[in-house]
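To keep things clear, I will list the structure first and then write my remarks on it.
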Amino acid sequence: SISLTQFVGWWTTTNGNHDAQVELQRVGTLPSDAMRVFNSFDTSPRDGVLDAAELDALRSLLQSEAGMSEGEASAVVDAMDTNGDGNVSLEELEAWMGAGERKRRVQEVLTSGL
């Protein structure tokens, strides 16, 4: 058995066409980037929030893969936790990632004409 996500991944890799994957993600068939990130860290238990231990794993990744200091990684996680409960929900992560994407788009628009 093959999932739709696996098929689309194969199709786009084989054909070099990313339009199908973009369209499926747009209509909600494929998980968003935020959902994929969230699901990769929400592991014990899968309870719909990233708890302290899961956020520690996220901080460690930011330090090792993004070259952030401990303070920088903690600041990123703190920015995600908008309600201050010490956990990060999928909604908080989506909002944090969406804000970054919007900021990048605004920067591109503002600097493209310079």
Side-chain angles (χ1 to χ4, degrees):
S1 165
I2 185 169
S3 71
L4 178 60
T5 303
Q6 291 169 321
F7 174 78
V8 170
W10 168 82
W11 179 264
T12 57
T13 301
T14 303
N15 295 299
N17 178 356
H18 298 282
D19 292 341
Q21 187 169 4
V22 168
E23 182 62 19
L24 288 170
Q25 188 165 345
R26 185 188 69 75
V27 298
T29 305
L30 292 177
S32 66
D33 289 339
M35 185 177 289
R36 285 194 299 271
V37 169
F38 186 85
N39 287 338
S40 71
F41 286 96
D42 185 25
T43 58
S44 57
R46 284 199 180 275
D47 56 0
V49 296
L50 302 181
D51 60 29
E54 293 160 340
L55 292 173
D56 284 343
L58 177 58
R59 280 186 202 90
S60 293
L61 178 74
L62 292 173
Q63 289 174 269
S64 65
E65 298 298 319
M68 292 184 177
S69 69
E70 185 176 340
E72 290 169 327
S74 290
V76 167
V77 170
D78 290 346
M80 291 176 189
D81 181 18
T82 56
N83 67 6
D85 67 355
N87 299 313
V88 173
S89 67
L90 175 58
E91 292 77 17
E92 287 174 308
L93 182 62
E94 285 175 329
W96 182 83
M97 289 179 76
E101 181 62 29
R102 285 190 298 275
K103 182 179 177 183
R104 280 189 294 279
R105 278 192 237 138
V106 168
Q107 289 173 343
E108 288 173 10
V109 168
L110 293 176
T111 59
S112 67
L114 299 178

inquiry  = Measuring from atom CG of Asp51 to atom CG of Asp56, what distance do you get when rounded to the nearest 0.5 angstrom?
reply    = 9.0 Å
ask   = Where is the tightest heavy-atom contact between Phe38 and Leu50, given as atom of each residue plus distance?
value = CE1-CG, 3.5 Å
query = Within a strict 4.5 Å, meaning less than it, do heavy atoms of the Asp47 and Asp42 side chains meet?
reply = yes
message = When you measure from the side chain of Glu94 to the backbone of Met35, do you find a donor-acceptor pair of N or O atoms at a distance under 3.5 Å?
response = no
inquiry  = Any non-hydrogen side-chain atom of Glu70 less than 4.5 Å from a side-chain atom of Arg59?
reply    = no
Interatomic distance, Leu93 atom CG to Asp81 atom CG [nearest 0.5 angstrom] = 11.5 Å
ask   = Under 4.5 Å between any side-chain heavy atoms of Val76 and Trp96, yes or no?
value = yes
query = Rounded to the nearest 0.5 Å, how far does OG of Ser74 lie from CD of Gln63?
reply = 7.0 Å
message = Keeping Glu92 on the side-chain end and Asn83 on the backbone end, is there a donor-acceptor pair under 3.5 Å?
response = yes
ask   = Taking C-beta and beyond as the side chain, do Arg46 and Asn39 meet within less than 4.5 Å on heavy atoms?
value = yes
query = Out of curiosity, does Val88 fall in the hydrophobic cluster containing Val49 (side-chain heavy atoms, cut-off under 4.5 Å, transitive links)?
reply = no
inquiry  = Restricting to non-hydrogen atoms, name the atom on Ala52 and the atom on Asn87 that form the minimum distance, rounded to 0.1 Å.
reply    = N-OD1, 4.2 Å
ask   = Taking side chain as C-beta onward, heavy atoms only, is Leu55 less than 4.5 Å from Met80?
value = no
message = Taking the side chain as everything from C-beta on, heavy atoms only, tell me whether Phe41 gets closer than 4.5 Å to Leu61.
response = yes
ask   = Quick one: side chain to side chain donor-acceptor pair (under 3.5 Å) partners of Ser40, sequence neighbours excluded?
value = none
